Amino acid sequence: MTTLSFKTLDSLDPRGKKILLRADLNVPVRDGAITDLTRIERLAPTIRELADKGGRVIVVSHFDRPKGKPVPEMSLAPISDALAKTLGHSVTFVPDCLGDVAAKAVATMADGDVVVLENTRFYPGEEKNDPDMSKELASLADVYVNDAFSAAHRAHASTEGVAHHLPSFAGRLMEIELGALETALEAPERPVGAIIGGAKVSTKLDLLNNMIEKVDVLAVGGAMANTFLAANGLSVGTSLKEEEMLDTAKAILAKARERGCDLVLPVDVVVAAEFMAGAPTKIVPVTAIPEGWMALDVGPETVALLKSKLASLKTLVWNGPLGVFELPPFDEGTNAVAQEAARLTKEGKLKTVAGGGDTVSALRHAHVLHDMSYVSTAGGAFLEWLEGKILPGIQMLRAIGQEAVPL
Ligand code: 3PG
Ligand code: MG
């Protein structure tokens with residue numbers, strides 16, 4: 001990392017210190033069971049390092065959206081158990097993140113202990129970034145470590161406010177996430193390209209505008225591409241598109257031309273008359289999408305075109321699928337391009353950084369989740385980073401992390 005200007009755990013001696021660790025334990029849960037442990041697994045090294053070096057680790061996190069009041073189904077208790085299992089280290093769950101319960105639990109900690117405090121969003125002060133809540137959280141600890149990149153786009157008491165009151169450090173996961181994003185966008189090896197898929201231009205407008213300024217090649221896929229094709233005057237049948245975004249799409253195309261950014265749209269698509277499994281499909285050029293048919297994936301010529309673009313790149317950022325990958329056979333385009341990106345990555349020819357929203361499931365579906373250089377655990381935070389926004393949680397580490405730490 002070259003330009004990141006905040007302290008990491010390299011400059012913290014945790015021994016005997018109470019460390020407030022902001023984690024993102026907001027893991028996916030279905031029917032009460034955690035369906036993906038990735039966030040917990042990625043966080044574990046930070047906790048292990050701090051505890052092994054004699055720190056007293058006080059983990060705080062939100063979980064789901066309880067809207068400022070206790071919701072029993074949104075307790076962190078079961079997630080605290082999962083964390084203990086992953087760590088192979090005992091973890092004490094504390095059923096409140098503020099007040100006497102939290103203060104007493106912290107007061108009885110010994111060096112190397114790990115506690116998880118209850119969901120910070122059980123208090124309205126969390127999302128309001130209430131200074132009283134920040135102060136109270138800070139009063140529990142000697143230092144603050146933020147390891148929750150995926151929550152850094154929220155200016156909340158435990159992600160932003162608390163850093164005003166304690167010496168602050170980036171945890172290992174935060175360090176890795178920021179390092180990967182910096183490699184991909186701040187100081188990438190060029191040429192750098194982005195594959196941006198997804199349904200709506202309207203939700204990715206800022207992202208596309210920022211990408212045009214940063215990358216050499218911008219491939220647009222997913223239903224978003226239909227809006228661009230329509231903006232180019234093509235008829236897209238019954239394909240999902242945003243009529244009200246046509247002028248915006250035209251402006252984006254013009255800006256790309258001005259900037260010399262190679263904006264790549266599909267040249268052929270897989271169409272069906274109905275969006276359902278087993279519906280008959282055809283492959284057609286984008287200039288010949290039949291009336292009453294809809295584009296649901298990119299076609300083989302587009303896959304070949306994207307592969308040839310990948311071959312010219314040194315760095316790739318990937319966000320969003322190219323087609324409706326959840327419903328085979330409309331996963332073929334995404335699979336083929338993702339597998340090519342993975343192959344080039346494994347051969348050391350391409351650095352690939354992926355993340356945000358559906359991207360992780362699309363890459364997992366293509367069996368290449370572990371073959372990218374880095375896949376971020378972040379959803380919204382990854383998108384906001386790609387939009388070029390300043391994430392409040394990271395801004396605070398930059399601003400405050402420079403203070404001397406009492407050692
Ligand atoms: C996430 O899952 O993207 C983060 O934990 C943030 O959650 P939020 O969207 O509820 O703020
Ligand atoms: Mg979310």
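Start at 1 and go down the list; that is how both ligands and their atoms are numbered. None of these values were measured; they are calculated from a predicted model. In this chain, residues are counted from 1 in sequence order.
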Side chains of Thr352 and Thr345: donor-acceptor distance under 3.5 Å anywhere?
-> yes
May I ask you to check if ligand 1 and His153 share an N or O to N or O distance below 3.5 Å?
-> no
Looking at Lys18 and Asp113, does any basic side-chain N land under 4.0 Å from a carboxylate oxygen?
-> no
What atoms of ligand 1 come closer than 4.0 angstrom to any heavy atom of Asp24?
-> 4 (C), 5 (O)
Determine, using heavy atoms of Ala151 and all atoms of ligand 1, whether some pair is separated by less than 4.0 Å.
-> no
Between His62, Arg154, Arg39, which one has a non-hydrogen atom sitting closest to atom 2 (O) of ligand 1?
-> Arg39
4.5 Å side-chain heavy-atom contact, Leu166 and Asp142 = no
Please examine the side chains of Glu332 and Val303, heavy atoms only from C-beta on, and report whether any two atoms are closer than 4.5 Å.
-> no
Please, which pairs that meet ring pair (Phe, Tyr, Trp, His ring centres under 6.0 Å) have at least one residue in residues 325-349, sequence neighbours excluded?
-> Phe325-His365
Ligand 1 atoms nearer than 4.0 angstrom to some heavy atom of Arg65 are 8 (P), 9 (O), 10 (O)
Would one find an N or O of Asp64, backbone or side chain, under 3.5 Å from an N or O of ligand 1?
-> no
May I ask you to check whether Arg22 and Ser158 show a side-chain donor-acceptor distance below 3.5 Å?
-> yes
Mind checking whether Arg121 has a heavy atom under 4.0 Å from ligand 1?
-> yes
